[in-house]
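Below is one structure, written out as structure tokens; the observations come after it.
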Amino acid sequence: MRLALLLALVPFAAQADDAPDYSKMKVDKLFEALCSSCHGKDLSGGLGGSFLDGEWKHGSTDADIRRNIAEGNEQLGMTAFKNVLSDQQIRSLVIYIREKEKGARDRATDFPKPKPGKVTRTQHEDYKIETIVTDGLQHPWAIAFLPDGSRLVTEKAGRLRLVSADGKLDPRRIEGTPEVIAHGQGGLMEVAVHPDFEKNGWIYLGYSDGWYGDAERRRDPRTITAIVRGRIKDHRWVDEEVIWKTDKKFHTNAGVHFGTRIVFDKGYIYFPVGERGGWHEAQDITNPKGKMYRLHDDGREPEDNPYVGKEGAVKGLWSIGHRNPQGLDMDPRDGSLYSTEHGPRGGDELNWIRPGLNYGWPVITWGMNYDGSPITGITEKEGMEQPVIYWQPSIAACGLDFYRGDLFPKWKNDLFAGALAQKEIRRLRIVDHKVVEQEVVLKDLGRVRDVAGGPDGFIYVVLNDPNWIVRLVPAK
Ligand code: HEC
């Protein structure tokens with residue numbers, strides 16, 4: 001009896017071992033196992049349609065594609081996968097399909113690689129590229145403008161550099177800037193000039209600050225973003241004051257997600273600090289990581305900040321639940337604050353930042369892990385904000401600027417978002433906090449680290465790889 005039972009069980013057990021465990025599969029394997037037989041290994045189609053040609057017979061939005069995978073289409077021979085796959089696996093497949101679709105579109109469309117002197121046509125304005133600095137910068141990160149027409153540029157390794165009004169890069173660094181521990185994605189990042197600079201001379205820096213676990217050999221860095229201000233006199237950084245630094249215990253050796261941009265408004269400064277790879281720390285108001293901040297421009301906490309008086313709340317908190325925001329600007333029309341944030345794969349976001357709100361990372365996200373495994377089953381939750389838009393595939397959003405100038409009148413008040421991985425600048429038109437137009441206006445010149453409208457009305461772009469500074473000038 002016992003033996004018979006055992007024998008009966010053996011083949012069953014062996015079968016279960018052979019059956020692939022879809023729940024542990026990365027998205028590319030999942031696609032190969034379940035979809036490639038009909039849609040092609042390279043997604044170019046077969047019995048089922050191609051996902052690369054931009055044609056969607058059964059609906060083209062992410063939600064449509066999700067529904068088609070979940071519900072299938074029995075008559076046409078498309079399986080319903082909702083009983084086989086979880087919501088997040090289906091979402092991962094949508095991201096995967098979108099990435100491949102975008103890749104195919106990019107290969108097929110010949111976006112004119114903007115060359116100096118050559119005219120690039122876009123929906124509303126035509127421009128030429130003028131190169132400002134093409135030599136001598138290493139990994140530039142941010143640009144800011146001084147009233148005399150010169151510009152300050154940060155280099156990630158820790159140097160603050162000066163570019164004169166006529167475009168000459170000063171070979172010297174500004175001496176005496178704070179010691180920066182550059183590791184991973186961190187280093188000297190943001191530079192911003194106080195709106196009353198002519199009266200007060202203040203310049204603000206955002207950088208990775210910290211200490212070494214092994215001080216002697218300067219190894220094992222432990223860091224987090226810090227904000228200071230100072231003045232420049234005779235090519236030296238002087239009068240330094242700390243605006244925001246956090247307790248040593250929050251410093252980490254993670255090399256990722258420093259966030260860091262600075263925006264001024266009405267005597268306040270706003271800045272994000274990334275979650276430093278700490279995921280759920282972004283949800284904890286007693287932990288500084290993964291948050292947006294507002295302070296008086298001298299570093300004091302405003303009394304009407306949303307978390308003031310909450311037990312253990314970190315100084316300056318403005319909003320929580322952020323991953324890695326590296327674009328920040330304020331809408332000149334109504335003072336709304338917007339941020340772009342690097343999400344996980346397929347989850348980059350544009351957020352409208354309001355005080356006291358929770359932007360959801362890592363409880364909700366539209367993305368998946370970089371290796372194609374799921375992060376969380378949910379994309380929305382009560383009490384957590386939805387992004388204005390999210391990018392699938394991810395663009396690696398970095399640098400954000402509302403155009404305030406007059407040289408491109410049809411771009412007035414449009415939002416320009418830089419992108420590292422996609423090497424793009426996206427122009428977004430925002431009406432009533434919604435994106436009503438989105439267009440790639442620059443592509444493939446390099447990884448876009450910062451976009452900034454200059455006081456001269458030109459749009460400046462800080463590129464990595466090549467390490468250039470260029471500007472968009474009207475074609476005429
Ligand atoms: C047995 C074959 C088969 C398999 C396996 C299969 N599909 Fe399909 N799929 C089809 C057919 C047939 C259609 C309908 C094509 C048409 O209308 O021209 C379709 C349609 C779709 C559509 C809608 C396309 C459109 O044009 O709107 C999506 C999305 C889709 N499949 C995704 C998937 C995914 C993801 C998988 C794997 C999890 C998968 N399919 C597996 C046969 C298959």
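Whatever order the structure lists ligands and atoms in, that order sets their numbers, starting from 1.
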Result for side-chain contact (heavy atoms from CB on, under 4.5 Å) between V441 and one of R121, E424, H124, R427 points to R427
So for ligand 1, is T79 a polar contact partner (N or O within less than 3.5 Å, distance only)?
no
Hey, does K57 come in under 3.5 Å of ligand 1, counting only N/O atoms on both sides?
yes
What protein heavy atom lies closest to atom 36 (C) of ligand 1? Include the residue and the distance to one decimal.
C35 SG, 2.8 Å
What protein heavy atom sits nearest atom 5 (C) of ligand 1, and how far away is it?
L34 O, 3.2 Å
So between W56, F51, Y96, whose heavy atom ends up nearest atom 32 (C) of ligand 1?
F51
Closest to atom 4 (C) of ligand 1 by heavy-atom distance, out of C38, G49, A33, S36, is C38
Evaluate the ring-ring contact (aromatic ring centres under 6.0 Å, His included) criterion for residues H322 and W361: first the C-alpha distance (whole Å), next the side-chain angles of each, then the deciding distance (0.1 Å), finally the verdict.
CA-CA 6 Å; H322 297 284; W361 173 253; over 10 Å; no
I'd like to know whether the aromatic ring centres of Y307 and W318 sit less than 6.0 Å apart in this structure.
no
Atom indices of ligand 1 within 4.0 angstrom of L47 heavy atoms, with elements:
12 (C)
A student checking ligand 1 against I65 at a 4.0 Å heavy-atom cut-off should list atoms 29 (C)
Mind checking whether L76 contacts ligand 1 via backbone (N, CA, C, O), side chain (CB onward), both or neither, at a 4.0 Å heavy-atom cut-off?
both
For the pair T154 (side chain) and V191 (backbone), establish whether a donor and an acceptor sit closer than 3.5 Å, ignoring hydrogens and angles.
no
Any side-chain to backbone donor/acceptor pair from N68 onto H58? Under 3.5 Å, distance only.
yes
